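These notes concern the structure reproduced below.
Both counts, for ligands and for their atoms, begin at 1 and track the order of listing. Since the structure is predicted, the reported quantities are computational estimates derived from the model, not experimental observations. When a residue number appears, it is its place in the shown sequence, counting from 1.
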Amino acid sequence: MALLTKTEREINDQPEKFERVVKEYGNISDGMLSFLKDIEKTVSEVDFVGCGSSYYLSMGLSFHFNRLSKGKIISKYFSGSEVAFGLRNFPKNAVLIGISRSGESSETVLALKKAKEKFNVKTCAITCNSNSELVNIADVSANLDFVNEESVVMTQSFTSMAFLGTLIIQNIFDQNNLKNYMQFVPDASKKLLDNAKNLFEKVKPENYDHFVFLGYDEYFAAAMEGVIKVSETSLTPAETYQTLEYRHGPKSKVSDKTLAVVLSNEFMKSEEEKMAKEIKQLGGSVIGISKTGFDVDGNLIVPVGDFSDWFLRVIPLQIIGVRKSLKKGLLPDEPKNLTKVVKL
Ligand code: F1P
């Protein structure tokens with residue numbers, strides 16, 4: 001049995017990290033929750049900002065915030081550079097939440113500084129490093145110091161910060177469901193991790209040279225994170241679209257070396273299934289991640305399709321990247337041209 005890479009170990013440890021997030025949730029989140037108390041009366045918008053994986057994490061959290069707030073408070077998402085270098089303005093009483101594994105990415109740190117100084121924005125941080133510049137700048141932070149990745153590639157840091165952020169959003173808008181959600185996520189992640197590994201022994205991702213991840217809203221953000229994972233670990237072409245957008249041009253690239261993963265939601269499932277079948281007719285292979293399954297090459301069944309499992313759906317995409325990387329003889333722990341933190 002070959003020695004596991006750091007990235008593989010960190011992927012495998014995600015359910016255990018989620019259990020730890022649940023166990024320590026009270027201490028980790030109380031500062032931010034009291035800071036965000038009564039936001040419906042005092043806050044105009046709650047926005048998220050990050051770079052790289054943490055940008056797609058911000059995107060997913062923002063979609064989920066809008067879904068659960070039901071329009072009471074709007075949320076936007078930004079990459080660090082959009083805010084840091086003056087493309088974005090903020091209204092009065094806005095809150096900006098910086099997302100960063102390291103807490104040291106220059107653009108994210110600059111973004112919070114700029115928003116604070118220029119627009120008097122209130123700032124929070126969600127990070128895996130409480131001893132970081134981002135935490136120093138933010139008015140308040142929620143820190144996961146027990147998530148301590150050695151790999152450059154963000155895997156458990158992405159999903160653990162996404163879980164924490166989603167819990168905080170649920171805590172604000174849907175407190176009655178919080179307890180069930182806390183039980184659901186670690187258990188669902190264990191099953192999804194095992195089912196993905198079993199499925200990939202049959203539908204082997206390493207046999208494909210072109211990956212397409214399709215979904216809407218939070219699932220689109222998860223799919224974008226999948227593109228980053230596959231790109232940085234395996235240097236293989238990967239792309240993401242809203243599921244039905246794939247018809248409008250991008251499907252021209254489908255071949256028998258294409259593996260598509262459809263991260264389906266329960267609201268559009270029948271339409272998404274038609275798209276999946278169309279990709280098969282064009283010669284591609286398709287895996288569905290859904291609550292009720294598709295008639296395609298393989299399925300990963302998850303208990304919900306209401307977007308609350310959005311970050312869990314990144315886990316199979318992480319595994320695809322590593323399997324392809326190892327097959328190509330690459331080093332998933334040290335992706336080409338990448339450093340762990342981008343300092344300008
Ligand atoms: C952001 C990031 C990572 C990426 C690489 C470079 O880091 O873009 O997503 O994997 O490590 O930095 P952070 O702000 O979340 O620490």
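Under a cut-off of 6.0 angstrom, the local environment of NZ in Lys72 is crowded, with over 12 non-hydrogen atoms contributed by other residues, nucleotides or ligands. Atom CG of Asn131 has 12 or fewer heavy atoms from other residues, nucleotides or ligands within 6.0 Å.
Because its NZ or CZ atom is both nearer than 6.0 Å to the ring centre of Tyr219 and within 45° of the ring axis, Arg313 counts as a cation-pi partner of that residue. By the 6.0 Å and 45° rule, Arg101 does not stack over the aromatic ring of Phe158.
Put simply, no part of Leu134 is less than 4.0 Å from ligand 1, judged by heavy atoms. The closest approach between a heavy atom of Leu338 and any atom of ligand 1 is not below 4.0 Å.
The protein heavy atom nearest to atom 5 (C) of ligand 1 is Thr339 O, 3.6 Å. Scanning all protein heavy atoms for the shortest distance to atom 1 (C) of ligand 1 gives Cys51 O, 3.3 Å. Considering only non-hydrogen protein atoms, atom 12 (O) of ligand 1 sits nearest to Lys340 O, 3.6 Å. For atom 15 (O) of ligand 1, the closest non-hydrogen atom on the protein side is Ser54 OG, 2.6 Å. With hydrogens left out, the protein atom closest to atom 4 (C) of ligand 1 is Met154 SD, 4.5 Å, a heavy atom. The protein heavy atom nearest to atom 10 (O) of ligand 1 is Val152 O, 3.7 Å. Looking from atom 7 (O) of ligand 1 to the surrounding protein, the closest heavy atom is Ser105 OG, 3.4 Å.
Taking any N or O of Arg101, backbone or side chain, at least one lies under 3.5 Å from an N or O belonging to ligand 1. Residue-to-ligand polar distances keep Lys229 apart from ligand 1: every N/O pair is separated by 3.5 Å or more.
Every atom of ligand 1 with a heavy atom of Ser53 under 4.0 Å away is listed here by number and element: 9 (O).
With respect to the salt-bridge test (charged N to carboxylate O, under 4.0 angstrom), the residues Glu225 and Lys229 qualify.
Checking side-chain atoms of Glu10 against main-chain N and O of Glu150 turns up a donor-acceptor pair under 3.5 Å.
Contact record, Cys51 with Thr108: SG-OG1, 3.2 Å, taken as the closest heavy-atom pair.
Checking Thr292 against Lys269 by side-chain atom types alone, a donor-acceptor pair falls below 3.5 Å.
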